[in-house]
Amino acid sequence: MVQQENVKIFGLRPVEAVAGLVPGGRHCVPIMAALPGMGIEADVVGVLHGAAGLRILDPEPHGIGQRVLRFFESWGYQDEIIKLYDEGLRKGESMIVIPASYPDRTAVARLLAGNGGHAVFYFGVGHVESLTGP
């Protein structure tokens with residue numbers, strides 16, 4: 001099975017997932033290869049990259065309802081995280097989103113970090129946790 005590339009797999013933010021940036025190119029290959037051993041199927045993993053990935057991430061909302069929502073969200077952490085991901089995609093990195101339970105988050109974060117990943121966050125139901133530096 002293959003990960004979903006440049007497919008919008010989450011709404012306003014991932015939920016019960018680890019997301020982070022990895023260097024572009026083949027850096028996702030070892031990550032994807034390791035996931036089945038962790039009990040995670042590749043077809044539930046999302047990867048954003050390039051111009052298509054930027055359009056999906058869409059840090060600049062267009063409709064009035066989205067602008068109002070973005071205004072309130074910008075008071076918290078989410079706006080800064082989206083800016084990190086936007087910057088990484090513009091630099092040629094890939095954003096990877098891996099569904100993970102709270103107990104599995106650290107193992108997934110170690111996998112990403114071990115493959116050049118950074119800006120790794122766990123998105124829980126009502127919270128976000130930084131698992132690596134920016």
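Heads up: numbering here begins at 1 and tracks the sequence. A quick note: this is a predicted structure, and the numbers were derived from the prediction, not measured.
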Qualifying salt bridge (charged side-chain N to carboxylate O under 4.0 Å, His left out) pairs, either residue in residues 118-132, two or more places apart: Arg105-Glu129
Residue pairs involving residues 113-124 (criterion salt bridge (charged side-chain N to carboxylate O under 4.0 Å, His left out); sequence neighbours excluded): none
Any side-chain heavy-atom pair of [X] and [Y] under 4.5 Å:
X	Y	value
Val45	Val97	no
Phe123	Val18	no
Leu21	Tyr85	yes
Ile81	Phe121	yes

The side chain to side chain contact (heavy atoms under 4.5 Å, CB included) partners of Ala107 (sequence neighbours excluded) come to Met38, Arg110
Hits for side chain to side chain contact (heavy atoms under 4.5 Å, CB included) against Ser101, two or more places apart or cross-chain, chain-then-number order -> Pro103, Asp104
Given Ile98, which partner from the list Leu112, Val47, Val120 fulfils the side-chain contact (heavy atoms from CB on, under 4.5 Å) test?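 Among Leu112, Val47, Val120, the one meeting side-chain contact (heavy atoms from CB on, under 4.5 Å) with Ile98 is Leu112.
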Ignoring hydrogens and angles, tell me if any N or O in the side chain of Ser94 forms a donor-acceptor pair with the backbone of Val22 under 3.5 Å. no
According to the interplanar angle, ranging from 0 to 90°, do the rings of Tyr122 and His127 count as parallel (below 30°), tilted (30 to 60°) or perpendicular (above 60°)? tilted
Rounded to the nearest 0.5 Å, how far apart are CD1 of Ile40 and CE of Met32? 9.5 Å
Atom CG in Leu54, atom CE in Met95: separation rounded to 0.5 Å?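 The CG atom of Leu54 sits 11.0 Å away from the CE atom of Met95.
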Could you walk me through whether Glu93 and His118 pass the side chain to side chain donor-acceptor pair (under 3.5 Å) check? CA-CA 10 Å; Glu93 296 178 301; His118 66 102; 2.7 Å; yes
Tell me whether Lys83 is salt-bridged to Glu80, with the criterion being a basic N under 4.0 Å from an acidic carboxylate O.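 Counted as a salt bridge, because a side-chain N and a carboxylate O are separated by less than 4.0 Å.
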Output, in order, the C-alpha distance, side-chain angles, deciding distance and verdict of side chain to side chain contact (heavy atoms under 4.5 Å, CB included) for Glu16 and Val125. CA-CA 6 Å; Glu16 293 190 54; Val125 173; 3.6 Å; yes
Nearest atoms (heavy-atom pairs only) where Pro23 meets Asn115: CD-O, 3.7 Å
For residues Leu111 and Ala34, report the shortest heavy-atom separation together with the two atoms involved.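 Looking at all heavy atoms of both residues, the shortest contact is CD1-CB, 3.7 Å.
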